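Just below is one structure, and these are the notes that go with it.
Keep in mind that the numbers below use all heavy atoms, side chains included, and drop hydrogens, waters and symmetry copies. Atoms within a ligand are numbered from 1 in the order they appear, just like the ligands themselves. Just so it is clear, the structure is predicted and the values come from calculations on it, not from any experiment.
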Amino acid sequence: MTFLTEGPMNNPMTPNNPLTLNNCVRMPALGFGVFQSAPEETAVAVETALTAGYRHIDTAAGYGNEREVGEGIRRSGLDRDEVFIETKVWVSDYGYDQTLHAFEKSATKLGVTQIDLLILHQPMPQHFERTLSAYRALEQLLADGKVRSIGVSNFMPHHLTALREQTHVVPAVNQVELHPYFTQPAVQRANTELGIVTQAWSPIGGITFYPGWGENRASVLDDTTIGRIAEAHAKTPAQVMLRWHLQQGRSVIPKSTNAQRIAQNIDVFDFTLSDAELDAIDALDRGVRGGPDPDDVDPSTWDLEIPEP
Ligand SMILES: NC(=O)c1ccc[n+]([C@@H]2O[C@H](COP(=O)([O-])OP(=O)(O)OC[C@H]3O[C@@H](n4cnc5c(N)ncnc54)[C@H](OP(=O)(O)O)[C@@H]3O)[C@@H](O)[C@H]2O)c1
C-alpha cells in the first residue's frame with residue numbers, strides 16, 4: 001500500500017529533504033528517537049546522531065531525558081534552527097492549564113524557547129474531555145508562536161474523528177506504532193485523508209524485540225523476507241525497513257545509542273526498493289500491535305508524574 005503525499009516538497013529521499021506539514025512547516029522525514037535511552041547516554045547519542053547528519057530529534061516528557069536531548073543539541077554546535085525538536089505531553093499533564101504548563105516544563109528542560117512539534121502522547125479515551133482541553137492548549141501555544149506545529153500520537157481513526165469534531169487545528173502528525181508486522185492501514189488512510197503525516201514509532205520493530213518486554217516475540221529484524229531483500233541490496237534489515245517507510249511517505253524516528261547503528265540508520269538514501277519489494281513487506285502485516293491498546297490508556301496505566309525543571 002502506498003500513502004505517499006503528492007508534491008515536490010514531499011520527497012523524503014535525502015535525510016534533510018523534509019516532509020511539508022499541513023501548516024507548511026518542513027520536518028525532516030527521518031528523525032532520531034530516544035525512548036529508553038538512559039539520561040546518561042542520551043546527550044552523547046543525540047550529539048552522535050546530529051554529527052551523523054540527523055536534523056530531527058523525537059523525545060517526550062515521559063522519557064525523562066529532555067534535558068539531555070537539549071544538552072546533546074548544544075554540544076553538536078548546530079544552530080537552534082538547524083534542528084527540528086519534537087516532544088510529547090504526557091497524559092498526567094492533560095487539561096488546558098496543565099498542558100500550557102507542560103510546554104514550559106519541556107521547553108525549560110530542552111533549553112529552548114520554541115518547540116518545533118509538540119504532540120499529545122496518547123489519547124485518554126476514558127477522560128476525552130481532558131484530552132480535548134490538552135489539545136486546545138496546543139492550539140493556543142501554536143497561535144502564540146511557542147510551538148511551530150502540533151499533533152498527536154497513538155490516535156486511532158475514531159479518536160481523530162472525535163478530535164476533529166471539537167477542535168480547530170488539524171494535527172500535523174500522528175505518531176503511531178508502525179513496522180512490517182503492524183502496519184495499521186486504517187490509521188494511515190485516516191491520516192492521509194485528513195492531511196496528517198504518519199510518523200512510525202518502532203519503525204524497525206523495536207517493540208517486537210526490545211529486551212525485558214516479554215518472551216517468545218517474533219523479531220521483525222529476523223524476518224526472512226526482509227532478510228532476503230536486505231541481502232539483494234547489500235543493506236541491513238533495519239535499513240530496508242526504514243527505506244520502506246520513507247518510500248511510502250512516512251516519517252521515521254529510529255532509536256539507537258550505538259554509534260555504528262546510529263550511522264547505519266541514516267544511510268538509507270542510496271538504494272531504492274522496487275514496488276514488488278514494497279508489496280512483499282506490506283504483506284508481512286500480522287495486524288497485532290506490540291504496544292498498549294490506545295483505548296486502554298489513562299493516567300493509572302503508567303503512574304508517571306512529570307517533574308518540574
Ligand atoms: N509515541 C509513542 O507512544 C512511542 C512509543 C515507542 C517509541 N516511540 C518513539 O519512537 C522511537 C523509535 O521506536 P523504538 O525505540 O520503540 O524502536 P525502534 O527504533 O524500532 O528500535 C529500537 C531498538 O532497535 C535497536 N536498533 C537500532 N538500530 C538498529 C539496527 N540498525 N540494527 C539492529 N538493531 C537496531 C536499538 O538498540 P540500540 O540502542 O542498542 O542500537 C533498540 O533496541 C522511540 O525512540 C521514541 O522516540 C514513541
Do any heavy atoms of [X] fall under 4.0 Å from ligand 1?
X	result
Leu221	yes
Phe32	no
His179	no

Side chain, backbone, both or neither: the part of Tyr210 lying under 4.0 Å from ligand 1 by heavy atom | side chain
Region of Gln264 that comes within reach of ligand 1 [heavy atoms, distance under 4.0 Å] = side chain
Axial cation check for Phe271 ring with Arg243, 6.0 Å and 45° limits | yes
Using the ring of Tyr181 (Phe, Tyr or Trp, six-membered ring only), decide whether Arg286 places NZ or CZ under 6.0 Å from its centre and within 45 degrees of its axis.
->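 Yes, Arg286 lies over the aromatic ring of Tyr181.
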How would you list, by chain and number, every residue that makes a ring pair (Phe, Tyr, Trp, His ring centres under 6.0 Å) with Phe84, sequence neighbours excluded?
-> His56
His158 meets the ring pair (Phe, Tyr, Trp, His ring centres under 6.0 Å) criterion, sequence neighbours left out, with none
On the 0 to 90° scale, with breaks at 30° and 60°, tag the Tyr63-Phe35 ring pair as parallel, tilted or perpendicular.
-> tilted
Flag Pro254 as yes when one of its N or O atoms lies below 3.5 Å from any N or O atom of ligand 1, and as no otherwise.
->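 Min N/O separation from ligand 1 is not below 3.5 Å for Pro254.
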Nitrogen or oxygen atoms of Lys88 and ligand 1 under 3.5 Å apart | no
Could you state the interatomic distance from CG (Leu120) to NZ (Lys88), rounded to the nearest 0.5 Å?
-> 11.5 Å
Nearest protein heavy atom with distance in Å, relative to [atom]:
atom	result
atom 37 (O) of ligand 1	Lys255 NZ, 4.1 Å
atom 30 (C) of ligand 1	Arg261 CD, 3.5 Å
atom 12 (C) of ligand 1	Ile253 O, 3.0 Å

Taking only heavy atoms of Phe35 into account, list the atoms of ligand 1 that are under 4.0 Å away from them.
->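 Counting atoms of ligand 1 from 1, those under 4.0 Å from Phe35 are 6 (C), 7 (C), 44 (C), 45 (O), 46 (C), 47 (O).
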Considering only NZ, NE, NH1 and NH2 on the basic side and carboxylate oxygens on the acidic side, decide whether Lys146 and Glu104 come within less than 4.0 Å.
-> yes
